[in-house]
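Have a look at the structure below before the remarks.
Quick caveat, the model's predicted, so the values are computed rather than measured.
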Amino acid sequence: MSAVPTPTTTGIVHLGLSNFHRAHQAVHTAAALGADPGAWGILGVAPRSAAVADAMAAQDGRYAVVEISPEGEQAVVPGVHTGTLVAARDPEPVLGALAAPSTRIVSLTVTEHGYTIDPRTGGLDLDHDGVRADLAGGSGTAIGLVARGLLRRARGHGAPVSVLSCDNLLGNGDVTARLVREFAEALPAPERNALLPYLDTITFPNGMVDRIVPATTDATRAAAARLAGFDGFVDAVPVPAEPFSMWALEDRFAAGRPAWEHAGAGVPGAVFTDDVAGYELLKLRFLNGTHSLIAYLGALSGEDLIARSVARPAIRAAAQRVLHDDYRSTVRVPAGVDADAYAAQLFVRWSNTALGHRTRQVGSDGSLKLAQRIPGPAAEHRAAGRLPHHLALTVAAWLACVAPPDGFDPGPHAAAMAEPARDRLATTAGGPLDAHVRAGLELLGGDPDPDLAARTTELLALLVGHGVDTAVAEAAGERSAA
Ligand code: CS2
C-alpha cells in the first residue's frame, strides 16, 4: 500500500500514461517522495485514449502495481498522480500544464513509435502528417506537444525545465533534444526565434529504464482486488510488473528533480551516473535485442508467452548465442556492473511464467525497435570482418512473423503483432526472398551489408521452409549435412 500521501502539487507532466510509466517512473517517484517529500506530483497525460486516464481519475489517481514473481504477488500503490488528462481531448489544459511555472520536469513514455522519427535519416519525420499539422499550429504528436509547451514557457515566464525521455531509445535524451530542435527549426520565424534560444536553457537528460511490464489482464484486476484493498472502489486499471526495476540517469536537471536515488515502494534507488550510455547499450542489446529474438522465434513456434518461448531448448540456445556472441562484444560494460550476472538474471526474469508477458507485445513495432537493436552491433561486427549470425536470425524471424513470404503462415501470435511497416513490407513479401530481406534491412536503417543480407535470406528460407529448430541450428553452425 501507499507509504506517502499523494502530493498536491504537480511538478512533473508526463506524456504517455502507459503501464510502463505507471509501474516504473511512478513507483520510483513514490520511493523518492517517501524518503524526501516535495512538490513532485505527476500529471499523467494520455495521448489519445481516455480509458486509463478516466479510470484513474475516477480512482483519485490511485491504482495498484501488482508485482508478480514465481514465489507470489504483492501490490504497491504509488499514489503520486495529481490528475490525468487526454491530450487529444484536452489540448489546452495540457499545454497549460506544460507551461506552468510549477512544472519542472516534462517526461515521456511514448514508445519508439511515438517519436515520429524518419527511419531513413534518424531525424524528425517532416513528412509525417501529424508533424506537419503540429508545425502549422497543432499539438497532436509527442514532439509537437512538447515543443508547443516549451514555446509557451519561452514566451511566458521562461523558467527552465528538464525533458526526460523514459523510452528505449539509444541516447533517448539526446534524441529528444534533437527532434525538438528540428521541430523548432521548421517553425515559422516568430515561433522559431522564440523557441530556439529557450532550448539552450533547458536540459534533456539521458536515461536507461528497465522493468518488464506486461499488459493488464483480468488476472491483474483480480490480484489487485485481493491485495491492494482499496476502500470504496474496484481498481479497473492495475498494472502487472516483474519485481525487478532499474533506472540509470544523468544528473542533469535544469530545475531540480525528485530524490530518485532512494529505494522504496519495492524498487531500488535510481543510479545517477555520467555513463548512462554504457547502461543503455547493455540494456538495449542484452535485454531488448535478445527479447526480440525470443519473441519472434517463440511466436513462430506457436508460443503465446515469452516464458514458454525461452523454456524451449532451441530458443534458449539461440538467445544465449545472440546475447553472448553477437551483443556482448559490442557493449562496453559500465564500471561496477557485473555483465555475467546481468545476463544470467535476464534468463531468470524472462522465465517468469506467472508474469504472462506475451510474445506479441515484445514483437510489436519491430521495425522501430529493431532499428535500435540491430544495425549498430551488426555494423561493428561487419567492420571487424565477422558475421553476426544471430542478428541475422533476429531479422529473419521478424520478417517471417510480420511480413511472411507468400504461402507461409506464421501463426496467430505473429499475426497479432502490431507493425507500422506491415503494408510497406507486404509489397516485397511476394517476390524473391533476397529482395524482401533487403527491403526489411533498409527499413531498419542504412544500406544493408551484402553478407548480412545473404545470411538473413538463408535463415529466412530455413525458418519458413523447415521451422525454428532447423534455422536455429543453422545459425549456430550446428546443422548436420542431412
Ligand atoms: C521489450 C521491452 O517490448 C519490448 O520490446 O523488450 O518492453 C522490455 O520488456 C523492457 O524494455 C524491459 O525493461
Side-chain angles (χ1 to χ4, degrees), residues 6-22 25-26 29 33 38-63 78-111 114-116 130-131 133-167 176 179-180 183-184 187 191 194-195 198-199 202 236-237 254-258:
T6 302
T8 47
T9 307
T10 297
I12 302 173
V13 176
H14 181 78
L15 308 182
L17 210 42
S18 61
N19 273 11
F20 180 69
H21 159 70
R22 297 191 303 129
Q25 184 188 355
T29 304
L33 297 185
W40 291 111
I42 302 177
L43 174 70
V45 179
R48 272 166 296 277
S49 165
V52 173
D54 289 354
M56 273 178 64
Q59 300 175 188
D60 282 335
R62 284 172 302 159
Y63 62 90
V80 290
H81 290 92
T82 48
T84 56
L85 290 170
V86 180
R89 186 179 68 190
D90 323 300
E92 190 45 44
V94 172
L95 286 166
L98 289 169
S102 50
T103 297
R104 291 183 283 158
I105 294 176
V106 172
S107 54
L108 300 95
T109 49
V110 294
T111 79
Y115 286 80
T116 48
V131 173
D134 287 358
L135 285 169
S139 56
T141 66
I143 296 300
L145 187 57
V146 170
R148 293 230 163 257
L150 296 178
L151 177 60
R152 224 178 250 211
R153 295 180 80 89
R155 285 180 161 165
H157 50 77
V161 70
S162 306
V163 179
L164 179 64
S165 166
C166 301
D167 282 297
T176 309
L179 296 171
V180 170
F183 184 94
L187 284 168
E191 294 177 328
L195 182 51
Y198 176 70
L199 293 182
I202 68 172
V237 285
R257 60 164 173 84

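- Partners of R89 by salt bridge (Lys or Arg N to Asp or Glu O under 4.0 Å), not counting sequence neighbours, listed by chain and number: D54.
- Contact between G16 and P47 at its shortest, heavy atoms only, is CA-CD, 4.1 Å.
- Q59 contributes a side-chain N or O that, together with a main-chain N or O of A236, makes up a donor-acceptor pair within less than 3.5 Å.
- A donor-acceptor contact shorter than 3.5 Å is absent between the side chain of R22 and the backbone of P78.
- Ring-plane geometry between H81 and Y63 is classed as tilted, the angle between the planes lying from 30 to 60 degrees on a 0 to 90 degree scale.
- With 3.5 Å as the limit, one finds no donor-acceptor pair spanning the side chains of Q25 and T109.
- D90 contributes no side-chain N or O that, together with a main-chain N or O of L85, makes up a donor-acceptor pair within less than 3.5 Å.
- Counting only heavy atoms from C-beta outward, the side chains of S139 and V94 never approach each other to under 4.5 Å.
- Taking both residues in full, the closest heavy atoms of S165 and Y115 are given as OG-OH, 2.8 Å, listed atom of the first, atom of the second, then distance.
- P7 is listed as a side-chain neighbour of L33, based on a closest heavy-atom distance under 4.5 Å.
- Considering every non-hydrogen atom in both T29 and I42, the closest pair reads OG1-CD1, 3.9 Å.
- When the side chain to side chain donor-acceptor pair (under 3.5 Å) test is applied to T84, no partner is found at least two apart in sequence or on another chain.
- When V161, V106, L98 are each tested for a side-chain contact (heavy atoms from CB on, under 4.5 Å) with R153, only one passes: V161.
- At distances below 3.5 Å, not a single donor-acceptor pair connects side-chain atoms of S162 with backbone N or O atoms of I105.
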